[in-house]
Asks: 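I have a structure here, written as structure tokens, and I will follow up with some questions on it.
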Amino acid sequence: MHEVPRVRFAPSPTGYFHVGGARTALFNWLFAKRFGGVFVLRIEDTDEARNSPEWIDGICSALEWLKITWDEGPFLQSERLDLYAEAAQSLFRSGKAYYCDCQRSEIDERVRSAGLPPGYDGFCRDRGLQSATGRALRFKVPKEGETVVDDLVRGKVAFENRTIDDFILIKGNGAPLFVLANVVDDLDMRISHVIRAEEHLPTTPKAILVYQALGQNAPQFAHVPVLVNEKRQKLSKRRDRVAVEDYKEMGFLPAAMENYLVLLGWSPGDDREFLTRQDELDLFSLDRVGHSPSFFDVTKMLHFNKHYLSLLSSEELLQTALPFLEATDFWDGTPDQRSSFLKLAPEISTRIGLVSEIPGMVDFIFKSQLSIDESAFNSVTTDSNSKKLLERSIEVFSGLEIFGSSELESACRAWAEESGLSLRKLQAPIRVAITGKKVGPPLFSAMEVLGRETSLSRLSDLASRLS
RNA sequence: GGCCCCAUCGUCUAGAGGCCUAGGACAUCACCCUCUCAAGGUGGAGACACGGGUUCAAAUCCCGUUGGGGCUGCCA
């Protein structure tokens, strides 16, 4: 490569930022950064009817969340309309494009009665129409020959020109269609590699034809496979859960999402799966991108999330948990609360799959009034020994010099020994009394964090509720 | 309908003619570990869509079939 690559990510702001878009952006970013290149962010908002400016912020913040940074942009196509108009005029003047006043219904009618395949029939191709309001500008596709896309991931893909309709360059309202806008911008922004989803492959010969008509060289293309749902259909905003924002709110870590996404359609070639950003940078290449669509499997992404969660330090876990804690009614972020959280953090990081599970895992420490799960409470009441065990536990724990997890544990083990009960059995009602749940972080650590006074009072609280 | 793409365990994939009795990971099952639950460990089940070629040899190359998907818009 003689020059540093310049790539672009060009989403259209028609909804929440899509996981498929995130993967495309990531591939672009990795490709550019691996070779010291430039990543351009461009917003394709030429269709007024479908775009909404508020989605742009969402796209940018999702990219930032994933640490996919752009070097140039965001450029808005809506602010570059004169550039497209200029290119369109030059195409018209050189006879490479023509004006058309056909309505869709007229075209359909003609095509249907002539028994032609759906598409434009070239009705205005030789009518010599001049520019007028409401008239669209169409590209005059050569009748002969073929246009070859030399794709970096799929190889050469040939399209016969006669199968390509005279497509629209400028709409009747004067706005450009994406093919034109894309070509003009990619030229203007000196884009060297267009890396995008496979769904764009069929429109690529059109773009190439426009480059040729403009007397310019086309960039290199690389079409990466699409992401599909469980029915193997392209992920869609309407029917599938695709918003990056949603996954963030569910409690996925950006590093986990990135690691999962990079493996969708690409692999490093060996058995490694956990990859750091640096690994990805060292290893990513377009020739290792696969050719078939990948199912976006949240279950596997959850596995990556667990892994990255378990890697966090206590302080990091607190930081990532904060937005979720602050949404609860028991967290007020006092130094005491923070230090309690930090003490228990190592015990919870391997017990959660999502950051959003953290509040439910630690609430018992912070709630002044413990609520006991119905099923947990039932499990205690159905065991006739529970009350005795709880009362005895108070005696055992009260005698402790130090209320620490190892002291609590040894005391329980000794008690289990003398009573002939298993530790498993013995701790069950205590756990419910302390945490209000049947499962949770290790009991003795939980009690240590909670402290002697609160622990003992919770034990007697539950004991007194039993007959 | 036309054009184009794709095809290895349920899923993500490794595999670029002999290393394949097809490897790994997720999910799943069993066991171990264990104060609950996780985590971790060990093991099990589980795939080259089909049919023809080419070749001494094919998951790998070619053709076809089947299946899936995308595009076919004055959306991107």
Side-chain angles (χ1 to χ4, degrees), chain A residues 10-14 44-47 49-51 100 102-104 115-120 134-138 149 151 154 157-160 162-165 167-179 181-182 196-205 223 225-226 228 230-234 260 263-274 287-288 290-297 299-304 306-307 310 347-353 361 376 405 408-409 412-413 416 422-428 430-432 435 437-446:
Chain A
S12 69
T14 55
E44 309 230 323
D45 59 346
T46 52
D47 186 5
R50 287 163 41 102
N51 297 314
C100 168
C102 298
Q103 296 304 303
R104 187 74 244 173
L116 262 34
Y120 185 61
R135 284 182 185 168
L137 185 70
R138 286 187 184 269
V149 180
D151 194 274
R154 338 187 76 89
V157 183
F159 297 82
E160 290 194 60
R162 61 177 174 76
T163 66
I164 303 172
D165 284 347
F167 53 92
I168 298 224
L169 259 10
I170 300 282
K171 299 190 257 186
N173 67 4
L177 214 68
F178 67 96
V179 177
N182 260 288
R196 47 157 45 156
E198 192 199 336
E199 63 201 274
H200 296 279
L201 186 52
T203 68
T204 305
H223 288 92
V226 293
V228 297
E230 59 289 335
K231 288 153 76 179
R232 306 215 66 85
Q233 297 162 313
K234 184 178 80 167
Y260 175 65
L263 256 18
L264 247 31
W266 174 81
S267 108
D270 55 30
D271 288 340
R272 274 185 292 176
E273 290 209 307
F274 293 124
D287 52 30
R288 292 206 55 83
H291 295 184
S292 46
S294 310
F295 170 54
F296 182 75
D297 184 2
T299 308
K300 183 147 185 178
M301 184 161 74
L302 191 59
H303 171 254
F304 281 92
K306 285 181 181 172
H307 174 78
S310 73
E347 301 291 9
I348 70 175
S349 62
T350 60
R351 288 179 166 76
I352 50 169
M361 192 69 64
S405 70
L408 288 157
E409 179 172 351
C412 277
R413 286 192 187 282
S422 68
L423 191 52
R424 175 194 181 86
K425 205 119 172 105
L426 192 150
Q427 57 91 41
I430 302 173
R431 175 180 300 281
V432 172
T435 70
K437 298 185 180 74
K438 283 191 287 190
V439 302
L443 179 59
F444 307 119
S445 305

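Note that these values count all heavy atoms, side chains included, but never hydrogens, waters or copies made by symmetry. Chain letters run A, B, ... following the sequence lines, proteins first, then strands; residues in each count from 1.
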Asks: Among B:U72, B:C75, B:U36, which nucleotide has an atom closest to any side-chain atom of A:K171?
Replies: B:C75

Asks: Give none if B:A39 has no partner; otherwise give the nucleotide forming a Watson-Crick or G-U wobble pair with it, both distances under 3.5 Å.
Replies: none

Asks: Looking only at atom P, what distance separates B:G73 and B:C61, rounded to whole Å?
Replies: 34 Å

Asks: Considering only heavy atoms and no angle criterion, is a donor-acceptor pair shorter than 3.5 Å present between the side chain of A:R424 and the base of B:C35?
Replies: no

Asks: Which of the following nucleotides, B:G70, B:C5, B:C12, is nearest to the side chain of A:S294?
Replies: B:C12

Asks: Distance criterion of 3.5 Å, no angle test: do you see the side chain of A:K300 paired donor-to-acceptor with the base of B:A25?
Replies: yes

Asks: According to the interplanar angle, ranging from 0 to 90°, do the rings of A:F274 and A:H307 count as parallel (below 30°), tilted (30 to 60°) or perpendicular (above 60°)?
Replies: parallel

Asks: So, is A:R138 close to the B:C74 phosphate, meaning a side-chain N or O under 4.0 Å from OP1 or OP2?
Replies: yes

Asks: Check every atom of B:U36, B:A39, B:G68 against the side chain of A:T350 and return the nucleotide holding the closest atom.
Replies: B:A39

Asks: What distance, rounded to whole Å, do you find between the two P atoms, one in B:G18 and one in B:G52?
Replies: 23 Å

Asks: Could you let me know what B:G1 is paired to, Watson-Crick or G-U wobble, both distances under 3.5 Å, or none if it's on its own?
Replies: B:U72

Asks: So, is A:R196 near the phosphate of B:G70, with a side-chain N or O under 4.0 Å from OP1 or OP2?
Replies: no

Asks: Pick the C1' atom in B:C19 and in B:A58, then give their distance to the nearest Å.
Replies: 15 Å

Asks: For B:G64 and B:G2, measure between their P atoms and round to the nearest Å.
Replies: 16 Å

Asks: Among B:A76, B:C35, B:U11, which is the nearest nucleotide to the side chain of A:F444?
Replies: B:C35

Asks: What is the nucleic acid contact for A:P225, judged by heavy atoms within less than 4.0 Å: base, sugar-phosphate only, or nothing?
Replies: nothing

Asks: Quantified in whole Å, what is the C1' atom distance between nucleotide B:U72 and nucleotide B:C56?
Replies: 48 Å

Asks: Please work out if A:H223 contacts a base, only the sugar-phosphate, or nothing of the nucleic acid, heavy-atom cut-off 4.0 Å.
Replies: nothing

Asks: Has the side chain of A:R50 got a donor or acceptor atom sitting under 3.5 Å from an opposite partner on the base of B:C75?
Replies: yes

Asks: Could you tell me how far B:A27 sits from B:U65 if I compare only their C1' atoms? Round to whole Å.
Replies: 33 Å

Asks: Report the nucleotide, chosen from B:U11, B:A25, B:C3, that has the shortest atom-to-atom distance to any side-chain atom of A:D297.
Replies: B:U11

Asks: Distance check, P atoms only: B:U60 and B:G17, in whole angstrom units.
Replies: 12 Å

Asks: Please check if the number of heavy atoms outside A:R162 that lie under 6.0 Å from its CZ is greater than 12.
Replies: no

Asks: Roughly how far apart, to the nearest Å, are B:U55 and B:C62 at atom C1'?
Replies: 12 Å

Asks: Who are the side-chain hydrogen bond (donor to acceptor under 3.5 Å, both in side chains) partners of A:K425, not counting sequence neighbours?
Replies: none

Asks: Quick one: look up who B:U55 pairs with, Watson-Crick or G-U, both distances under 3.5 Å, and put none if it's unpaired.
Replies: none

Asks: Look at all strands and tell whether A:A158 reaches a base, only sugar-phosphate, or nothing, counting heavy atoms closer than 4.0 Å.
Replies: sugar-phosphate

Asks: Check A:D165 with A:R138, please: is the shortest side-chain N to carboxylate O separation under 4.0 Å?
Replies: no

